[in-house]
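Computed from heavy atoms alone, side chains included, the values below leave out hydrogens, waters and symmetry copies.
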Amino acid sequence: MLRVLVVDDENGIRMLFEEMLKECCIVDTAEDGHKGFEKIKNNLYDLVFLDLRMPVMSGIDVLERLSKLKTDVNSPPYVVVLTAIDDIGTVVKCMKLGAYDYIVKPVNVGRVEIVVNQVKMLVERYNEIEDLKRSQGGVKFVGNSNKAKEVLSKIELASKSDVSVLITGESGVGKEVVAKLIHFNSKRKNKKFVPVDCSSLPESLIESELFGYERGAFTGAFARKIGKIEYANEGTLFLDEISNMPLNVQAKLLRFLQDKTFTRIGGLDVIEVDVRIISATNVDIRTLIKEGRFREDLFYRLNVFPIYVPPLRERKEDIPLLVEYFLNIYSIVYGKKIQFTSGAIKKLMSYSFPGNVRELQNLILRYVVMSKDGDEIDDISFDSYVEVPYFTRLYSLRELEDMYIKYILDYTNGNVTKASEILGISRRSVYNWMKKKKDKGL
């Protein structure tokens with residue numbers, strides 16, 4: 001049953017809600033904003049009906065304080081404001097402060113029932129998502145093939161020890177998923193898991209990002225910075241794409257692995273930390289060693305327990321399980337029940353998936369976003385980008401971007417909302433693009 005709080009200075013309104021909701025909710029009440037806010041702070045409610053005009057503290061004041069109290073805007077309690085005047089300006093202000101909906105007095109029983117049912121679904125969805133997050137850190141390595149079982153077996157063994165692990169495999173196979181599973185099944189599971197993408201950091205910043213620096217260590221160092229190694233103390237540091245690490249930083253990392261101590265850039269103090277190192281790469285480090293781009297001694301320190309994650313094309317029998325897993329997740333997130341037919345699954349299993357599990361996941365997300373609740377997906381298209389059979393000339397990045405946006409708009413039959421979700425940009429950006437093309441007569 002939903003836990004509901006009614007905050008209103010009118011006794012008749014409080015009694016009305018108690019009577020309306022007594023069969024389906026656990027109802028609590030408060031006669032002014034101050035008492036209502038104190039109850040919200042000290043109790044767990046799913047839904048709050050909040051009057052705007054009250055003595056001591058107004059509903060707007062309660063919303064402002066609640067917006068500072070909530071760390072997750074999508075979490076309960078969901079606030080429905082009660083107002084005697086249908087003032088759109090006030091309603092907009094309430095929505096900006098995090099209100100879920102509003103009801104105009106006199107209270108309509110049918111309207112209350114609709115809101116309660118909507119919030120019930122929101123709470124159920126939120127709880128399901130939280131359960132997923134709590135399960136092994138919100139990640140799972142899905143598969144029942146022999147190769148998947150081999151990976152899971154190695155994850156289990158690695159979780160029982162504290163040695164360095166090197167995870168190898170192509171991009172998109174799930175190397176970070178493996179690293180998280182090792183961490184969340186180890187004795188360090190209640191400590192931090194700190195990822196560092198070595199490929200996304202400029203060479204000049206990797207050392208300071210890992211080891212930190214003291215104030216005045218270099219131009220622009222106005223305050224001490226704690227590095228990721230120090231931040232991850234007692235937890236796990238995940239060094240993704242470690243093959244991109246510069247040689248000078250490799251030397252410092254090797255020294256740290258040998259004695260678990262380091263100094264910040266510009267510092268003198270020797271700092272000792274207890275951190276487990278898990279690293280990953282999508283290239284053959286032995287080739288880099290031969291080319292003089294990676295230290296052989298560091299490789300042996302990192303590669304104490306190697307785990308190879310095979311590409312999806314080598315374990316296609318896991319595709320139906322992966323489809324079911326991702327559909328379950330996105331059904332919860334988007335509130336839709338979508339199914340892939342046996343024909344669609346067969347087509348998926350005939351595809352090579354150069355982008356591996358990540359490509360499959362994004363494809364399923366795309367179909368969930370673009371489908372209606374209850375749809376069955378039968379025809380699968382792997383065309384994620386503009387298809388141009390022959391390039392008769394070189395195109396600029398702007399031209400390629402225009403081609404891609406046009407393709408997605410055609411793909412969605414002009415649905416700007418769906419196009420913006422697939423493109424990963426705002427609807428305003430899509431509208432602006434369309435306006436520019438219209439102004440140019442294109």
Side-chain angles (χ1 to χ4, degrees), residues 70-72 75 126-127 129-142 151-169 173-201 205-214 223-242 244-245 249-250 252-265 267 269-281 298 301-307 309 329:
K70 289 180 70 172
T71 55
D72 181 359
S75 65
Y126 176 81
N127 290 336
I129 293 172
E130 288 301 298
D131 287 342
L132 280 173
K133 289 179 180 179
R134 284 190 290 268
S135 174
Q136 295 182 323
V139 292
K140 185 177 181 181
F141 190 87
V142 179
V151 173
L152 289 167
S153 175
K154 289 188 175 181
I155 289 172
E156 183 179 2
L157 290 172
S159 302
K160 294 176 180 178
S161 70
D162 211 26
V163 298
S164 298
V165 177
L166 178 62
I167 306 167
T168 58
V173 294
K175 295 188 291 294
E176 185 167 351
V177 169
V178 172
K180 285 182 176 179
L181 285 173
I182 293 171
H183 170 78
F184 286 109
N185 285 283
S186 72
K187 64 182 182 181
R188 299 176 184 266
K189 62 184 177 182
N190 295 321
K191 303 297 181 180
K192 299 184 186 74
F193 176 87
V194 181
V196 178
D197 185 355
C198 300
S199 65
S200 65
L201 293 169
L205 294 181
I206 290 183
E207 183 179 2
S208 61
E209 187 72 15
L210 288 176
F211 298 97
Y213 54 78
E214 297 288 352
R224 172 186 289 175
K225 173 184 170 64
I226 301 299
K228 292 295 178 65
I229 288 177
E230 190 172 351
Y231 179 71
N233 188 30
E234 297 185 348
T236 300
L237 182 71
F238 175 55
L239 300 175
D240 197 11
E241 303 305 343
I242 195 166
N244 290 278
M245 183 176 287
V249 184
Q250 290 180 34
K252 192 166 183 177
L253 178 62
L254 177 63
R255 287 195 297 272
F256 168 72
L257 289 171
Q258 288 170 343
D259 55 21
K260 298 295 183 182
T261 62
F262 69 96
T263 57
R264 302 189 192 101
I265 299 174
D269 294 335
V270 176
I271 302 167
E272 183 175 355
V273 293
D274 173 24
V275 175
R276 182 184 195 170
I277 302 292
I278 299 177
S279 50
T281 180
L298 176 59
R301 283 279 182 180
L302 297 172
N303 196 42
V304 176
F305 194 101
I307 298 179
V309 185
I329 290 176

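Minimum interatomic distance between D197 and S199 (heavy atoms only, all atoms of both residues): OD1-OG, 2.6 Å. The minimum heavy-atom distance linking V275 with K260 is given by the pair O-NZ, 2.9 Å. Contact between M245 and C198 at its shortest, heavy atoms only, is CE-SG, 4.0 Å. Taking all atoms of both residues into account, the shortest heavy-atom contact from H183 to R188 is CE1-O, 3.0 Å. What you find for V173 and F141 is that their closest heavy atoms are O-CE1, 4.3 Å. Of all heavy-atom pairs spanning A158 and I182, the tightest one is CB-CD1, 3.9 Å.
A side-chain donor-acceptor contact under 3.5 Å links R276 to the backbone of V163. The closest donor-acceptor contact from the side chain of K175 to the backbone of D240 lies at 3.5 Å or more, if one exists at all.
The cationic group of K192 lies under 6.0 Å from the six-membered ring centre of Y231 and within 45° of the ring axis, placing it in a cation-pi geometry.
Ring pair F238/F193 is parallel by interplanar angle, where below 30° counts as parallel and above 60° as perpendicular.
Rounding to the nearest 0.5 Å places CD1 of I271 at 4.0 Å from CZ of F262. R301 CZ to L253 CG: the interatomic distance, rounded to the nearest 0.5 Å, is 10.5 Å. To the nearest 0.5 Å, the span separating NZ on K228 from CG on L210 amounts to 8.0 Å. One finds the CD1 atom of I278 at 8.0 Å from the CD1 atom of I307 (value rounded to the nearest 0.5 Å). Atom CG of L239 is separated from atom OG1 of T281 by 11.5 Å, given to the nearest 0.5 angstrom. Going from atom CZ of F184 over to atom CG of N190 covers 9.5 Å, rounded to the nearest 0.5 Å.
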List the steps, then state whether side chain to side chain contact (heavy atoms under 4.5 Å, CB included) holds for I206 with N244. CA-CA 10 Å; I206 290 183; N244 290 278; 5.8 Å; no

Could you walk me through whether L181 and K140 pass the side chain to side chain contact (heavy atoms under 4.5 Å, CB included) check? CA-CA 7 Å; L181 285 173; K140 185 177 181 181; 5.5 Å; no

Go through N233 and D274 one step at a time and tell me if the side chain to side chain contact (heavy atoms under 4.5 Å, CB included) criterion holds. CA-CA 5 Å; N233 188 30; D274 173 24; 4.0 Å; yes

Assess whether side chain to side chain contact (heavy atoms under 4.5 Å, CB included) is satisfied between I265 and K225, documenting all intermediate values. CA-CA 9 Å; I265 299 174; K225 173 184 170 64; over 6 Å; no

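Residues F305 and K154 have side chains in contact (heavy-atom distance under 4.5 Å, counting atoms from C-beta outward).
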